Amino acid sequence: MADPAAPRASSNAEAASSQPENTSRLPATLRSLKHRNFQLFFSGQLISLIGTWMQSIAQSWLVYRLTGSSLLLGSVGFTGTVKIWHIFVLAGLLGIVNAFDIPARQSFLVDMVGKEDLMNAIALNSSMFNGARIIGPAIAGILVAKIGEGWCFFANAVSYIAVIIGLLLMRVQPRAHSASGSPLTHIIEGFRFARQTAPIRALLLLLGLVSLVAMPYTVLMPVFADKIVHGGARGLGILMGATGIGALLGALTLATRSGVSGLGRWVALSCGGAGVFLVLFSLSHSFSLSTALLLPVGFCIMLQMSSSNTLLQVMVPDRLRGRIMAIYTMMFMGMAPFGSLFAGALAEHLGAPLTVRIGALACIGGALLFGIHLPKVRVEARRLIVAQEAAGGEPAVEMTAPIVEE
């Protein structure tokens, strides 16, 4: 990924403002959709993500149906394998694509909408992800039960056409990039900045912890659907859909905000809340109760993820945005497969409920530590936000407030 040498914020604003916009009056929650490029991005990604979630649910159910093993179910989250060697290859290629796609997509948001609508775009992007998370599993649950898992893989492949069309229709202003230093030097600079900047380090570490110990509950969901609440493949789709509904509500909650004041506290509270509701979920043997508990789980986890993403993007210098978002992706998605592998191995010996409960308690502990240290990083976080606004030339006034309100 090329690294721009000069600050891009002012040109970001020019690029966003120069794009033809939908002049119709939009609710504040949807204000990022006035940008033509974001409209194309949003619609194409929504279709593609529905296919992605369909394949994810079908893949998890297939490996569980073939093996009945929690350990191998965890291995699906670690390598994406089902059983056959070509699925290894497919999952490996998908992982390589995601390593480039996700950081680039996150960094591209500011180019599509400008800094003033960045928070809203992040929230709507998360809403899109979780809207697909509701629709995809529901469709997959029906297809798997009726005609088998293979059609879900086919639907996912076809859905990528929408993304390609959307990208081809975009009009993006070219930017002058001056490469300096080797790629390794750029990578080291990004890690050094993340390690030495206390607010960014704290957000990334908490994000990595949640991905490692809390998110693996999703790969163990077939066990809960089958053996704990006896819902089968259709029940699995409903359980995952409930998580998606909660996550969608969490993302929309963030979309209603116009500033970052208080988001640090939201990160701590939502992380702790996710842990509490996961503990309760792990104790439930009722399908209805388990479904209801997954709503706040999805809400809290998405609120933490989206709030962390927003805070990182408003604090990081534009020239480091791609590298910091790559680290964000590594902590968010890169840690989850290892957590899935460990959770699968642990569930083989302790059972899925106890495994989820242990991870949830670790999540609560991480939230408490983050909350204790939050006041200490407030001053540096505010300084970083103000510095990035000054570099942009046209600062978003609502982003000048302190991150944490007493």
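Model, not experiment: these values are computed from the prediction.
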Problem - Note, Leu239 side chain near Val229 side chain (heavy atom, < 4.5 Å) - result: yes
Handout entry: Side-chain donor/acceptor of Ser290 to backbone N/O of Phe287, under 3.5 Å
Key = no
Handout entry: side chain to side chain contact (heavy atoms under 4.5 Å, CB included) partner of Phe370, chosen from Leu374, Ile372, Leu368
Key = Leu374
Problem - Exercise: identify the closest heavy-atom pair between Phe193 and Pro317 - result: CZ-CD, 3.5 Å
Practice task
Please report the closest heavy-atom contact between Ala194 and Ile327, naming both atoms and the distance.
Solution key: CB-CD1, 4.0 Å
Problem - Residue list, ring-ring contact (aromatic ring centres under 6.0 Å, His included) with Phe224, at least two apart or on another chain - result: Phe281
Exercise for the section: Determine whether Leu361 and Cys363 make a side-chain contact, defined as any pair of heavy atoms from C-beta on separated by less than 4.5 Å. Expected result: no
Exercise for the section: Check whether any side-chain N or O of Ser282 sits under 3.5 Å from a backbone N or O of Val279 as a donor-acceptor pair, and report yes or no. Expected result: yes
Handout entry: Side-chain heavy-atom pair Ile50, Ser159 within 4.5 angstrom cut-off
Key = no
Handout entry: Side chains of Met335 and Met330 in contact at under 4.5 Å (non-hydrogen atoms)
Key = no
Fill in the blank from the handout: dist Thr355:OG1 -> Leu346:CG (nearest 0.5 Å) comes out at 4.0 Å
Exercise for the section: Give the minimum heavy-atom separation between Ala347 and Leu220, together with the two atoms involved. Expected result: CB-CD2, 4.0 Å
Practice task
Please round to the nearest 0.5 Å and tell me the distance separating atom CG of Leu249 and atom CG of Leu295.
Solution key: 7.5 Å
Problem - Leu283 side chain near Arg357 side chain, heavy-atom distance below 4.5 Å - result: yes
Practice task
Report the distance from atom CG of Asn309 to atom CG of Leu207, rounding to the nearest 0.5 Å.
Solution key: 9.0 Å
Practice task
Go through the structure and list residues passing ring-ring contact (aromatic ring centres under 6.0 Å, His included) with Phe342, not counting sequence neighbours.
Solution key: none
Handout entry: Flag, side chain of Thr329 to backbone of Met325, donor-acceptor distance under 3.5 Å
Key = yes
Problem - Nearest-0.5 Å distance, CD1 of residue Ile238 to CD1 of residue Ile245 - result: 10.0 Å
Exercise for the section: Would you mind reporting whether Arg319 and His186 have side-chain heavy atoms less than 4.5 Å apart? Expected result: no
Handout entry: Ser340 versus Pro216, closest heavy-atom pair with distance
Key = N-CG, 3.8 Å
Practice task
Could you check if a side-chain atom of Met170 sits within less than 4.5 angstrom of a side-chain atom of Leu40, using non-hydrogen atoms only?
Solution key: yes
Practice task
Give the C-alpha distance, both sets of side-chain angles, the deciding distance and a yes or no for side chain to side chain contact (heavy atoms under 4.5 Å, CB included) between Val379 and Arg383.
Solution key: CA-CA 6 Å; Val379 175; Arg383 178 184 62 78; 5.6 Å; no
Practice task
Begin from the C-alpha positions of Leu350 and Ile358 and carry the test side chain to side chain contact (heavy atoms under 4.5 Å, CB included) through to its verdict.
Solution key: CA-CA 10 Å; Leu350 301 180; Ile358 291 171; 4.0 Å; yes
Exercise for the section: Could you grab the distance from atom CH2 of Trp266 to atom OG of Ser306, nearest 0.5 Å is fine? Expected result: 10.5 Å
Handout entry: Phe299 vs Leu248 side-chain heavy atoms within contact, under 4.5 Å
Key = no
Practice task
For residues Leu206 and Cys271, report the shortest heavy-atom separation together with the two atoms involved.
Solution key: CD1-SG, 3.7 Å
Problem - Candidate pair Glu380 and Arg201, rule salt bridge (charged side-chain N to carboxylate O under 4.0 Å, His left out), full reasoning - result: CA-CA 12 Å; Glu380 184 175 0; Arg201 182 178 66 242; over 6 Å; no
Exercise for the section: Check the pair Lys34, Gln39 against side chain to side chain contact (heavy atoms under 4.5 Å, CB included), reporting the backbone distance first and the verdict last. Expected result: CA-CA 7 Å; Lys34 67 185 179 183; Gln39 293 172 9; 5.6 Å; no
Problem - Spatial distance of atom CZ (Phe41) from atom CG (Asn37) [nearest 0.5 Å] - result: 10.5 Å
Problem - Over all atoms of both residues, closest heavy-atom pair of Leu205 and Met331 - result: CA-CE, 4.3 Å
